[in-house]
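A quick write-up on the structure given underneath.
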Amino acid sequence: MKLLLTAALLAMPIAATAQTAPAAALSTAAPAAAKLTIDSSIETIAADPKGKAILEATFPGMLAHAAYASFKGMSLKQVQPYANGAITDAQVAKVAAELTKLS
């Protein structure tokens, strides 16, 4: 079953995440942190220490999963159909509620 999930995730296209900012957009002020939501990519949530703690508490081992590189650019809701029940609606709702508290 893990092989099926891994194969499905590997077949999914991953959007490029690297972007360059024009020189005019660079400033000395730190940009405001983006609001994390359930629609944020798993990678974006994990980049925030509090978001990472939420993911690790709800989905132990997800960030160390062998296929993480294949699904990190997707949101939890996007990965859920491929997770064969490993990501439940209740877990997604719990993460959504916890992310809301971070704002």
Side-chain angles (χ1 to χ4, degrees):
M1 195 171 300
K2 285 184 181 179
L3 180 59
L4 179 62
L5 173 61
T6 302
L9 291 174
L10 290 175
M12 300 284 303
I14 303 296
T17 58
Q19 295 179 351
T20 58
L26 300 176
S27 69
T28 57
K35 180 179 176 183
L36 298 175
T37 69
I38 200 63
D39 295 316
S40 299
S41 72
I42 294 168
E43 179 179 35
T44 300
I45 296 170
D48 180 282
K50 292 178 182 176
K52 181 177 181 179
I54 293 167
L55 289 176
E56 288 178 337
T58 309
F59 305 105
M62 173 188 270
L63 303 179
H65 191 280
Y68 178 73
S70 298
F71 63 79
K72 69 183 181 180
M74 300 168 68
S75 71
L76 285 172
K77 292 192 307 186
Q78 290 172 320
V79 172
Q80 188 179 16
Y82 304 102
N84 296 322
I87 299 175
T88 66
D89 289 339
Q91 289 171 311
V92 172
K94 178 182 176 183
V95 171
E98 293 296 320
L99 291 175
T100 301
K101 293 178 187 177
L102 296 181
S103 318

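Along the sequence shown, the residues carry numbers beginning at 1. Quantities reported herein were computed from a predicted structural model and do not represent experimental measurements.
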| query | Any donor and acceptor pair, going by atom type alone, linking the side chain of Glu43 with main-chain N or O of Gly73 inside 3.5 Å? | reply | no
| Thr100 side chain to Ala96 backbone, donor-acceptor under 3.5 Å |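 Side chain of Thr100 to backbone of Ala96: a pair is present.
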| said: Distance check, rounded to the nearest 0.5 Å: Ile54 atom CD1 versus Phe59 atom CZ? | reply: 11.0 Å
| task | For Lys52, check salt bridge (Lys or Arg N to Asp or Glu O under 4.0 Å) against everything at least two apart and list the hits. | result |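 Applying salt bridge (Lys or Arg N to Asp or Glu O under 4.0 Å) to Lys52 gives none.
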| note | side-chain hydrogen bond (donor to acceptor under 3.5 Å, both in side chains) filter on Glu56, not counting sequence neighbours, yields none
| remark: Residues passing the side-chain hydrogen bond (donor to acceptor under 3.5 Å, both in side chains) test with Thr58, sequence neighbours excluded, are none
Of all the heavy-atom pairs spanning [X] and [Y], show the shortest one and how long it is.
X	Y	result
Ala57	Pro60	O-CD, 4.1 Å
Ser40	Lys35	OG-O, 4.0 Å
His65	Phe71	ND1-CE2, 3.9 Å
Lys77	Val92	CG-CG1, 3.9 Å
Met74	Ser70	SD-O, 4.3 Å
Gln91	Thr88	OE1-N, 2.9 Å

| Do Gln78 and Asp39 have side-chain N/O donor and acceptor atoms under 3.5 Å apart? |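 There is no such pair between these side chains.
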Taking the side chain as C-beta and beyond, is there a heavy-atom pair between [X] and [Y] under 4.5 Å?
X	Y	value
Leu99	Thr37	no
Ile45	Ile38	no
Leu76	Met62	yes
Ile87	Tyr82	no

| task | Start with the C-alpha distance between Lys72 and Leu63, add both sets of side-chain angles, then the distance that settles side-chain contact (heavy atoms from CB on, under 4.5 Å), and finish with yes or no. | result | CA-CA 8 Å; Lys72 69 183 181 180; Leu63 303 179; over 6 Å; no
